[in-house]
Amino acid sequence: MTQILKYHSHINKQPMRLPKKYDYDTVERKWLDAWDESMYYFDHASGKEQYIIDTPPPYPTGDFHIGNALNWCYIDFLARYKRMRGYEVMFPQGWDCHGLPTEVKVEEIHGISRHQLSKHEFRALCEELTARNIEQMRAMMKRLGISIDWSHEYITMDDSYMRYTQLSFLKMYKAGLIYQAEHPVNWCPRCETAIAFAEVEYEDRDSYLNYILFRRVDNGSYVEIATTRPELLASCVAVAVHPDDDRYKDMIGSELEVPLFGQRVRVYQDDAVDPEFGTGVVMICTFGDRQDVRWWKQHDLPLRVSIDERGRMTSIAGKYAGLDTLECRKRILSDLSDSDLLMRQESIRQNVGVCWRCKTPIEIISTRQWFVRVNKEEILKAAKEINWYPHHFRLRLENWVQSMDWDWCISRQRIFSVPIPVWYCKRCGAVKLAEESQLPVDPVVKSPDTPCSNCGGTEFEPEHDVLDTWMDSSLTALWTAGWHFDTCEAEFQFPVALRPQGHDIIRTWAFYSILRSLALTRTIPWHNILINGMVLGEDGYKMSKSRHNTVSPDEVIQKYGADVFRQWAAIGGATGSDVQFRWKDIIAASKFMQKLWSILRFSMIHLADYEPPAKEPELEVVDRWLLSQLNRLVITVTEAMDGYQFDEAMKSIRSFAWYVLADDYIELAKSRLYGRSPSARYALYQTLKTLSLMLAPFIPFFAEEMYSYLSEGGSVHMAKWPQPGKIDTDAEAEGELIAAIVRAVRRYKSERGIPLNAALKRIVILSDTDMSTGDIANATATTVELKNNDAGTYEGTVIDVKELRIIIEE
RNA sequence: GGGCUCGUGGUCUAGCAGGUGAUGACGCCGCCUUCACGAGGCGGAGAUCAUGCGUUCGAAUCGCAUCGAGCCCA
C-alpha cells in the first residue's frame with residue numbers, strides 16, 4: 001500500500017497543549033499537502049462491493065460556483081461515508097466541454113467572429129480556453145477537500161470521449177433510433193441553429209393582439225380574427241373554431257380569404273381552440289407556435305414557409321420578402337390599416353419562447369434535421385424503477401416527458417461540438433456512415449474509406465452539422481461504468497449506484513441519460529438519483545450577477561476554511577430543497593469548529609499519553625451514560641446518512657458534541673479526569689475517536705487532525721465507520737438524572753447571583769434508591785448527601801428534579 | 001392555463017408513515033473574565049405551526065377550500 005500520509009501521528013502524540021484558537025488555514029493546508037490522492041483511487045479488483053457515482057461533468061466556465069460546490073459536497077459526504085462503510089467507491093470527474101457558450105466567449109476574448117477562422121482553428125481556440133477553465137475548477141474542487149478519483153477523469157472534447165459519442169451515434173442509427181427528417185424544430189434565428197425543447201425558455205413580453213378581418217368566400221361577409229403575429233399571414237394555412245362555439249357553427253367547412261395575400265383557407269373545428277381568447281377564431285400558420293404544429297399534423301395541412309433560417313421573410317411573403325419579422329409586422333399592420341382590415345389592437349402580456357442562450361424569440365421552422373426517437377412509455381416505466389430522492393422530483397420528469405411534442409432534435413449548426421460522422425453520396429444521395437475504425441472523425445476533413453454501398457459512388461458531401469452537447473453528457477453513466485457497445489457489457493457494476501444532480505437539469509441531463517441508457521443498454525443507468533436544491537442569495541432570490549447577490553465558495557473558504565463551507569452545505573437545509581446562503585450560518589459553523597477544537601484541546605491535556613486498554617475497564621455510571629448516548633448517536637447518524645439526510649446527521653453530531661459532551665459530560669467528569677480516572681479517560685477517548693470518524697465525511701480536514709492525535713497512524717478517511725455499541729438504559733436514566741440535578745443547582749445559583757463555582761452548605765438528595773453523587777459534588781463544588789425519602793425535615797430550598805426531590809442549603 | 005414545492009417564535013430552519021414539554025441556529029434579555037473554550041459559560045423570554053372547514057379519542061403532520069410565495073412547463 002502506498003504511504004498515504006506524510007505526517008505521522010506520533011508527532012502529535014507528545015504531551016502538548018494545543019493553541020487556544022483553531023487555525024483552520026494551517027491545518028487544512030497541512031492535510032492538503034499530506035494526503036496522497038491515490039487513497040481515493042477506485043480499485044476494481046478489491047473484491048469489495050462497488051459504489052459507482054455518475055458525477056456531473058460541469059460545463060467548464062472556469063467558475064466553480066456555490067451551487068456546484070453544494071452539489072459536490074453532497075457527493076463527497078456520500079463518497080467518504082460509503083468508503084468507510086466498506087464499499088469500493090468510484091468518484092470520477094468529467095468535463096462537459098462542447099457548446100455554444102464557449103464559442104461565444106472565444107469570439108469575445110479574441111474579438112473575432114467564428115466565420116473569420118477555419119473551423120479547425122476556431123475549435124483549437126475553444127479547446128485552449130476550455131483547458132484553462134478546467135484547471136481553475138479542478139483547483140477549487142481540491143481545495144474544498146472533495147475526494148475525487150482523478151485517475152478516472154474524462155474530458156468530452158478528448159478524442160477518446162468523442163469517439164465514444166460518435167460510436168453511440170452509429171449504434172443508435174443502425175438500430176433505427178436515430179433518423180433524419182424534414183420536421184419543424186425550435187430555431188434560434190440569431191444563433192442560426194436548431195435547438196431542443198430543453199433549450200427553449202419562456203419570458204413574459206408585452207405585445208399587441210391585432211383584430212384582423214378575413215372575408216368569407218361563400219357569402220362575402222367578414223370574420224374577425226385576433227393574432228399577435230400578423231407577419232405570419234402569408235403562412236396561414238387554415239382557420240379553426242371550437243366545435244361548441246355557437247357564433248361560428250355555420251362557418252365550419254367554409255373557406256376564408258387571407259387578407260393582403262389572398263390564399264383561400266378552410267375553417268376547421270377543434271377542441272383545442274379557446275373560445276375566450278380573442279374572437280374565438282384562430283388562424284393556423286406554419287408555424288407560429290407548437291399548437292400550430294399539432295394542428296398541422298392532425299389536419300394534414302400544407303406547409304407555407306414564410307420565415308427563413310436567419311429570421312427573414314421568404315418569397316412567399318411577396319413584397320415583404322427579405323424583411324425581418326418585426327419590420328414585416330409593422331408594414332403588414334400599416335397596410336391592413338390602410339385597407340380598413342385592421343379593426344383594433346389590444347395590448348397583451350404574453351409568454352414568448354426564447355433561446356436559452358441569447359434570449360432571442362425562437363421561431364418554429366421546418367428543416368432537415370437529425371432526431372433521436374423518444375419512447376415515452378419506456379422512459380416513464382424506467383423512471384419508476386429508479387429511486388428518486390426526494391421522491392417528488394420524479395413527477396417533474398414525468399410531466400416533462402408527457403409534454404414533448406416531437407422527438408429530440410440532436411443536430412446543431414455550430415462548430416465546437418462532436419461532428420456527426422456521416423457523408424452523403426454525391427451521385428445517389430445515400431447516407432454514408434463512418435466506419436467504427438475511423439472514429440473520431442470530422443467528415444468535413446476526412447473522406448470515407450470505402451465507396452458508396454448503394455451505387456458505388458466515390459464522391460461525397462460531408463455532413464456539416466454537429467451534435468447537441470447533451471449527446472455527449474447523456475453517456476456519462478455508461479462511460480464511467482466502462483460500457484462496451486460491442487459486447488454489451490460493462491467493466492464495472494452497471495447500472496451504477498448513484499446519479500447526483502440539480503433539479504434544474506432533470507428535463508435535460510436526467511431525461512437524456514435515461515433515454516440513451518435504455519436505447520443502448522436496455523436498462524436504467526443508475527439505481528438512485530439524488531437531487532440537490534439551488535443555492536439562493538441572502539435576499540432569498542436565486543443568485544445572479546444582475547442581482548448582485550452572488551457569493552463564491554472561494555470567498556467563504558478564504559475567510560473560514562473548507563470545513564466550514566462543507567458544514568454549511570450539510571446543515572443549510574433538507575437535502576433536495578433550495579438552500580438560502582447566509583453568512584450567519586457560516587459563522588455558526590465556524591464557532592462549532594472552535595468548540596470542537598476547545599474540546600480536543602481540553603481532552604489532549606488528559607489523553608496525550610493515553611494508551612487505550614485492550615479490554616474495556618470497569619466504568620462508572622456517568623461514563624456509561626456518555627457511551628450509551630454516543631451509541632445512540634452512531635445509530636442516528638448512520639440512518640441519516642443512509643437516507644441522504646446530511647442536515648440531520650450533522651445536526652445530531654453538533655448537538656451531541658456541544659451539549660452532551662462539552663456542557664454536561666466534561667463538567668461532570670472534569671475532576672475525575674484530573675485524577676486520571678481510567679473509566680473517565682476511556683470514555684472520553686472512545687467518544688472523541690468515534691466523533692472523529694463520524695465527522696470525517698463532513699469536515700475531512702478537522703477530522704483528520706483530530707484522528708491523528710488519537711490513533712496510531714493512518715488516515716481517518718481509510719478507517720472504518722463506527723459500529724454502535726450497546727445502549728445502557730439504566731445508566732442513561734441515572735446519568736440524565738445526575739445532569740439534571742447539576743443543572744437545577746446551577747439555575748438556583750444563577751437566580752440568586754451566586755457565582756457558579758461558589759460552594760453551598762450542602763445538597764441533600766431524597767431518594768430511596770442508591771445513586772452516584774461524586775460527580776454532582778465535583779460539578780457543584782458542594783457536599784452532596786443521599787437520604788431516604790422519608791428521612792425528616794430540612795432547612796433549605798426544595799426543588800423537584802424529575803421524580804426526585806433535592807434540598808439546597810446555603 | 002397546467003404541474004410541483006412551500007407557508008412553523010423578530011429572521012432562517014427541523015419535524016409532516018397523527019399522540020413531542022414543536023428542533024436547532026442567528027438575534028434578544030439577565031448573570032458570570034469559574035483553572036478546555038469570552039467568536040465562551042450559565043440562566044431566561046419569545047410560536048394560537050398562513051386562514052377556514054373537515055376526518056379522528058387526538059392534527060404542525062391527513063383531506064378539501066381560500067390567501068400568499070417560489071420553481072418547472074404550456
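All values below were derived from every heavy atom in this structure, side-chain atoms included, with hydrogens, water molecules and symmetry-related copies excluded. Reminder, nothing fancy here: chain letters follow the sequence lines and each chain counts from 1.
The same atom, C1', is picked in A14(B) and in C49(B); the two are 12 Å apart, to the nearest Å. When the P atom is compared between G54(B) and C72(B), the two are found 38 Å apart, to the nearest whole Å. With P as the reference atom, U33(B) and U11(B) are 35 Å apart, rounded to whole Å. Taking atom P on both nucleotides, C26(B) is separated from A59(B) by 33 Å, rounded to a whole Å. Here, C16(B) and G7(B) have their P atoms 12 Å apart, quoted to the whole Å. The separation of C12(B) from C31(B), taken at their P atoms, amounts to 30 Å, rounded to a whole angstrom. Atom P of C62(B) sits at a distance of 9 Å from the matching atom of G18(B), rounded to the whole Å. Separation of the C1' atoms belonging to U66(B) and G58(B) is 26 Å when rounded to the nearest angstrom.
Remark: the D468(A) side chain and the W408(A) side chain contain an N/O donor-acceptor pair separated by less than 3.5 Å.
Side-chain rings of Y24(A) and Y560(A) stay apart, their centers remaining 6.0 Å or farther from each other. Centroid-to-centroid, the aromatic rings of F77(A) and F698(A) come within less than 6.0 Å. If you look at Y674(A) and H606(A), their ring centroids are closer than 6.0 Å. Residues Y268(A) and W295(A) keep their aromatic ring centres 6.0 Å or farther apart. Note: F702(A) and Y22(A) meet the aromatic proximity criterion, with ring centroids under 6.0 Å apart.
Note: NE2 (H503(A)) to P (G70(B)) measures 15 Å, nearest angstrom. Between the CZ atom of F656(A) and the P atom of G24(B) there is a distance of 16 Å, rounded to whole Å. The interatomic distance linking I586(A) (CD1) with C12(B) (P) rounds to 18 Å, in whole Å. Rounding to whole angstrom units, CD of residue Q567(A) and C1' of G24(B) are separated by 13 Å. Atom-to-atom, CG of N399(A) to P of G2(B) comes out at 13 Å; the value is rounded to the nearest Å. Rounded to whole Å, atom C1' of G24(B) lies 8 Å from atom CZ of R654(A). Atom-to-atom, CG of D585(A) to P of C12(B) comes out at 12 Å; the value is rounded to the nearest Å. As a whole-Å value, the separation of F511(A) CZ from C72(B) P is 18 Å.
By the 6.0 Å contact criterion, CZ on R229(A) is enclosed, its count of non-hydrogen atoms from other residues, nucleotides or ligands being greater than 12. Summarising the local packing, OH of Y208(A) is surrounded by 12 or fewer heavy atoms from other residues, nucleotides or ligands at distances under 6.0 Å.
Comparing K584(A) and L395(A) against RNA chain B, the residue whose closest nucleotide sits nearer the 5' end is L395(A).
Between the E809(A) side chain and the L760(A) main chain, no donor and acceptor come within less than 3.5 Å of each other.
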Annotated structure of RNA chain B as dot-bracket, pair cut-off 3.5 Å, Watson-Crick or G-U only, | for inter-strand, is (((((((..(((......[....))).(((((.......))))).....(((((..]....)))))))))))).
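Residues E377(A) and K381(A) are not paired through a salt bridge, judged by the lack of any N-O separation under 4.0 Å between the basic side chain and the carboxylate.
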B/S/- contact track for nucleotides 32-43 of chain B, protein heavy atom under 4.0 Å:
--B-BBSBSSSS
